[in-house]
2 protein chains.
Amino acid sequence: MGRKKELLPGTLDLLILTTLMRSPLHGYGIALSIKRLSDDFLTVEEGSLYPALQRLLLQGWVKAEWKMTDTNRRARFYALTAAGKKQLGLEVTQYEQMIAAIGRVLKGA
Amino acid sequence: MGRKKELLPGTLDLLILTTLMRSPLHGYGIALSIKRLSDDFLTVEEGSLYPALQRLLLQGWVKAEWKMTDTNRRARFYALTAAGKKQLGLEVTQYEQMIAAIGRVLKGA
DNA sequence: TCCCCATATATAGTCTATCTATGGATAGAC
DNA sequence: GTCTATCCATAGATAGACTATATATGGGGA
């Protein structure tokens, strides 16, 4: 049926913002970080990641800057803005409420 | 920004199958049940629900039968098939793994 | 009696987000 | 010198959820 799902739809922005909360990172680094922290369970495809970063830039939640990486490559580093931090707080709250609500349905309270 | 989200995308089938696990119900009743169990947090729109039920029928996870409701109306009652029960088990497992993985990223393990 | 609300099903069209597929480029290892 | 991992990015396909709409009726209240 449906192809394999790498992510729960609707959670990508949350994952990216959370990752950037810890420290600015380039796109590839964001994907790696999410993959590793999730023990390889979550994979952010490039075709999802870069459009998502563009969206976040447009909304003013992150800002970008070209720099050199540790490994001596040019890369675009993304960092949270103040608005982005606020947005992250909002998304965490909404996510937790949503998960709790789904939990109530699953348990049949 | 995006319009208000009533559901976490990707969880609708899980919610429907779970609801039908308890007892056969008609579409309207499924929506009500999810709304009530979630304390009005989750709202299943008609335009999401009926297409989803068609999908589940096509996949053979539910079967349908026209009957009269308690309130004396014709309604289509949906019930889980054996395949549907199996699928539900699968989806619950995947969902829990997904949520756990997201949790690890959010907590920054 | 008549109107309205809650109940009940369903589809067409839109929108958004994710995935697939592809293209390009370079550092460093072997 | 070639290969792999690192890095960016977009076009197109797809899926799933939402909006809007259409239809219909039982039962309660004015």
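So you know, we letter chains A, B, ... as the sequences are listed, proteins then strands, and number each from 1.
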Beyond-backbone contact of Leu57(B) with Tyr78(B), side-chain heavy atoms, under 4.5 angstrom: yes
If the sugar-phosphate is the primed atoms plus P, OP1 and OP2 and the base is the rest, what is the B/S/- string for nucleotides 25-30 of chain C, using protein heavy atoms under 4.0 Å? -BBS--
If you look at every strand shown and take non-hydrogen atoms under 4.0 Å, does Leu32(B) touch a base, only sugar-phosphate, or nothing? nothing
Are any side-chain N or O atoms of Ser38(B) and backbone N or O atoms of Ile34(B), one a donor and one an acceptor, separated by less than 3.5 Å? yes
Any chain of hydrophobic side-chain contacts (each under 4.5 Å) joining Leu56(B) to Phe77(B)? no
Give me the distances for all protein-to-nucleotides 9-11 of chain C N/O pairs that come in under 3.5 Å?
from    : atom 1 : to       : atom 2 : distance (Å)
dT9(C)  : OP1    : Arg76(B) : N      : 2.9
dT9(C)  : OP1    : Arg76(B) : O      : 3.3
dT9(C)  : OP2    : Gly27(B) : N      : 3.2
dT9(C)  : OP2    : Tyr28(B) : N      : 2.8
dT9(C)  : OP2    : Tyr50(B) : OH     : 2.8
dT9(C)  : O4     : Glu46(B) : OE2    : 3.2
dA10(C) : OP1    : Arg76(B) : NH1    : 3.1
dA10(C) : OP2    : Tyr78(B) : OH     : 3.2

Take atom CG of Leu25(B) and atom P of dA8(C), then tell me their distance rounded to the nearest Å. 10 Å
Taking any strand in view, what nucleotide pairs with dC30(C) in a Watson-Crick or G-U wobble way, both distances under 3.5 Å? dG1(D)
I want to verify a distance call: between dA8(C), dA17(C), dT20(C), whose nearest atom is closest to the Glu45(A) side chain? dT20(C)
Could you tell me how far apart Leu12(A) (CG) and dG16(D) (P) are, to the nearest whole angstrom? 18 Å
Length of the line joining Leu14(B):CG and dA17(D):C1', which is rounded to integer Å: 16 Å
Hey, does Val62(A) have a side-chain heavy atom less than 4.5 Å from the side chain of Leu17(A)? yes
For Thr43(A), which contact category applies under a 4.0 Å heavy-atom criterion: base, sugar-phosphate, or nothing? nothing
Do the non-hydrogen side-chain atoms of Arg74(A) and Met68(A) ever get within less than 4.5 Å of each other? yes
State, to 0.1 Å, how close Glu91(A) and Trp61(A) come at their nearest heavy-atom pair, and which atoms those are. OE2-CZ3, 4.3 Å
Check the distance between dT14(D)'s P and Arg55(B)'s CZ and give it to me in whole angstrom. 16 Å
Atom CZ of Arg73(A) and atom NE2 of His26(A): how far apart are they, to the nearest 0.5 Å? 9.5 Å
Whether the side chain of Thr81(B) engages the backbone of Gly60(B) through a donor-acceptor N/O pair (distance < 3.5 Å, no angle test) should be reported. yes
If I take atom CG in residue Leu58(A) and atom C1' in nucleotide dA9(D), what distance separates them, rounded to the nearest angstrom? 15 Å
Is there a side-chain contact between Ile102(A) and Tyr95(B) (heavy atoms, below 4.5 Å)? yes
Length of the CG-P vector between Leu56(B) and dG16(D), whole Å: 10 Å
Whole angstrom is fine here: how far is it from CD1 in Ile102(A) over to P in dA17(D)? 11 Å
